Amino acid sequence: MLRFASIRLLRAMITILAVLTFAFVVLRMSGDPAQVMLGPDVPQESVDAFRKAWGLDQPLWIQYLAYIKAIFTGDFGVSMRDKASAMQLVIDRIPATLQLAIPALFLKVVIGIPAGVYAALHRQSAVDRGVILAAIFGFTIPSFVMGLLLVLIFSITLGLLPSGGQDTWQHGILPTLTMSIGGIGILARFSRSAMIEVMSQPYIRTASAKGMAWQDVVWRHALPNAAVPIVTIVGFMVGSLIAGAVVVESIFSWPGIGRLLVVSVTNRDLAVVQCILLMIAATMVVSNLIVDLLYGWLDPRLRAQSAH
């Protein structure tokens, strides 16, 4: 188990480094921050002074080495726009994002998984077909389309809920629904497929043939085995909580990390964008690492394969 965990941890560190390198290169190839920050009519002398002050006049490889060195010393840079700690600006936005992400994840799990399990246990019924259609509708519609559709129905047409902002708890309903509907559909489909596959296994038929109550067969044998692939999907959803908020927060003017990322990319605020991408990558890698370790604990065969 220690070897299995060590290999997964090494892969996680390499993944984060690769994301940091990719983000560093792409951001500096996408445009000059000096031109964006100062405007097109600023004299060249001011542009050169700005670039020198922020180290943008150095060769790219020197900037990269300085960036990696600063990261390992806990220095995540300063915002070019706000002249404040980039990491602190990101941390200040975390509570707002979690106000949407945590309820959305809760809705995905408590609605998606039971719906998929129930549909699998009543296969070919009207309920099963309804769950399938609802799931397809949920995860095939892009989040920005879903958000605009909810605004059109509940804000503009019915006038029941606000279309943006963060003033009251009601402002969080539509963005939370937008973030959760697609995930509910995905979990429902995967849960249904996993349960159908497990229910066709010989040990399920054996347990039933021995006279075990149907409820016990489902709870003691089917659900624990069907939960293994579902763990992967839930882990991915946990890792993508921040990334999934980018579009939703922009649609509903929600002051979280996602909206900060959009603004920072527009302004070429390099340090802030790099901090957010680092946080997104770390969240996804850590969640996947936990899922891998959980897999290794649940299924010893994975540990055996990793040892060879």
Side-chain angles (χ1 to χ4, degrees), residues 79 81-82 84-115 134-188 233-267 269 271-273 275-284 287:
S79 168
R81 187 184 66 168
D82 299 314
S85 169
M87 183 56 72
Q88 189 59 50
L89 291 174
V90 175
I91 292 175
D92 291 341
R93 298 292 188 102
I94 291 179
T97 296
L98 292 181
Q99 288 178 17
L100 300 182
I102 293 178
L105 179 63
F106 177 79
L107 290 177
K108 293 175 186 178
V109 173
V110 301
I111 297 178
I113 295 177
I136 293 175
F137 174 80
F139 70 74
T140 54
I141 296 182
S143 58
F144 71 91
V145 175
M146 181 64 71
L148 295 176
L149 182 62
L150 292 177
V151 169
L152 177 64
I153 295 174
F154 293 101
S155 296
I156 298 177
T157 303
L158 300 178
L160 297 177
L161 295 170
S163 60
Q166 195 196 11
D167 298 331
T168 66
W169 64 270
Q170 293 175 319
H171 287 78
I173 294 178
L174 291 184
T176 299
L177 288 177
T178 303
M179 291 181 65
S180 60
I181 289 177
I184 291 173
I186 292 173
L187 277 179
I233 306 301
V234 175
F236 176 79
M237 289 181 176
V238 172
S240 61
L241 287 178
I242 298 177
V246 174
V247 174
V248 175
E249 290 182 0
S250 298
I251 293 175
F252 293 96
S253 301
W254 192 268
I257 295 178
R259 190 179 179 193
L260 176 63
L261 176 61
V262 174
V263 173
S264 299
V265 169
T266 302
N267 294 322
D269 200 345
V272 177
V273 176
C275 282
I276 297 176
L277 294 181
L278 173 61
M279 183 172 294
I280 292 175
T283 303
M284 298 190 70
S287 63

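Since we're looking at a predicted model, the values are computed, not measured. Side chains are part of it too, since the values below use all heavy atoms of this structure and drop only hydrogens, waters and symmetry mates.
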Roughly how far, to the nearest 0.5 Å, is [atom2] of [Y] from [atom1] of [X]?
| X | Y | atom1 | atom2 | result |
| --- | --- | --- | --- | --- |
| Thr176 | Trp169 | OG1 | CH2 | 11.0 Å |
| Ser180 | Met237 | OG | CE | 10.0 Å |
| Leu277 | Ser264 | CG | OG | 10.0 Å |
| Ile94 | Leu260 | CD1 | CG | 10.5 Å |
| Asn267 | Asp82 | CG | CG | 9.0 Å |

Please report the shortest heavy-atom distance between [X] and [Y], naming the atom on each side.
| X | Y | result |
| --- | --- | --- |
| Pro175 | Trp254 | CG-CE3, 4.4 Å |
| Gly138 | Ile181 | CA-CG2, 3.9 Å |
| Ala188 | Ala135 | CB-CB, 4.3 Å |
| Ile251 | Ser143 | CD1-O, 4.2 Å |
| Cys275 | Val90 | CB-CG2, 3.9 Å |
| Met179 | Lys108 | O-CE, 3.1 Å |

State which residues pass side chain to side chain donor-acceptor pair (under 3.5 Å) with Thr140; sequence neighbours excluded, sorted by chain then number.
none
Identify, with sequence neighbours excluded, every residue that meets side chain to side chain donor-acceptor pair (under 3.5 Å) alongside Asp92.
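Applying side chain to side chain donor-acceptor pair (under 3.5 Å) to Asp92 gives Gln88.
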Got Thr283 and Leu241 here, is their nearest side-chain heavy-atom distance under 4.5 Å?
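Thr283 vs Leu241: side chains apart.
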Less than 4.5 Å apart, side chain to side chain, heavy atoms only: is that true for Arg93 and Ile276?
no
Could you work out, with side-chain contact (heavy atoms from CB on, under 4.5 Å) as the rule, every residue matching Ala271, not counting sequence neighbours?
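Ala86.
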Residues in side-chain contact (heavy atoms from CB on, under 4.5 Å) contact with Ser253, at least two apart in sequence or another chain:
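Scan of Ser253 (side-chain contact (heavy atoms from CB on, under 4.5 Å), adjacent residues dropped) gives Arg259.
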Show the numbers, then the answer: is there a side-chain contact (heavy atoms from CB on, under 4.5 Å) between Met284 and Val238?
CA-CA 7 Å; Met284 298 190 70; Val238 172; over 6 Å; no
Report, one line per pair, each donor and acceptor closer than 3.5 Å where one atom sits in a side chain of residues 97-105; sequence neighbours left out.
| from | atom 1 | to | atom 2 | distance (Å) |
| --- | --- | --- | --- | --- |
| Thr97 | OG1 | Glu249 | OE2 | 2.8 |
| Thr97 | OG1 | Ile257 | N | 2.7 |
| Gln99 | OE1 | Gln166 | NE2 | 3.2 |

Just list the side-chain donor-acceptor pairs under 3.5 Å for residues 151-163, sequence neighbours left out, or say none.
| from | atom 1 | to | atom 2 | distance (Å) |
| --- | --- | --- | --- | --- |
| Ser155 | OG | Leu161 | O | 2.7 |
| Thr157 | OG1 | Leu152 | O | 2.7 |

Would you say Phe139 has more than 12 foreign heavy atoms packed within less than 6.0 Å of its CZ?
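Yes, because the 6.0 Å sphere around CZ of Phe139 holds more than 12 heavy atoms from other groups.
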Using the side-chain contact (heavy atoms from CB on, under 4.5 Å) rule, take Val248 and Phe144 through it: C-alpha gap first, then chi angles, then the decisive distance, then the call.
CA-CA 7 Å; Val248 175; Phe144 71 91; over 6 Å; no
Please step through side-chain contact (heavy atoms from CB on, under 4.5 Å) for the pair Val272 and Arg81, ending with a clear verdict.
CA-CA 10 Å; Val272 177; Arg81 187 184 66 168; over 6 Å; no
Hey, does the side chain of Ser287 reach the backbone of Phe236 with a donor-acceptor pair shorter than 3.5 angstrom?
no
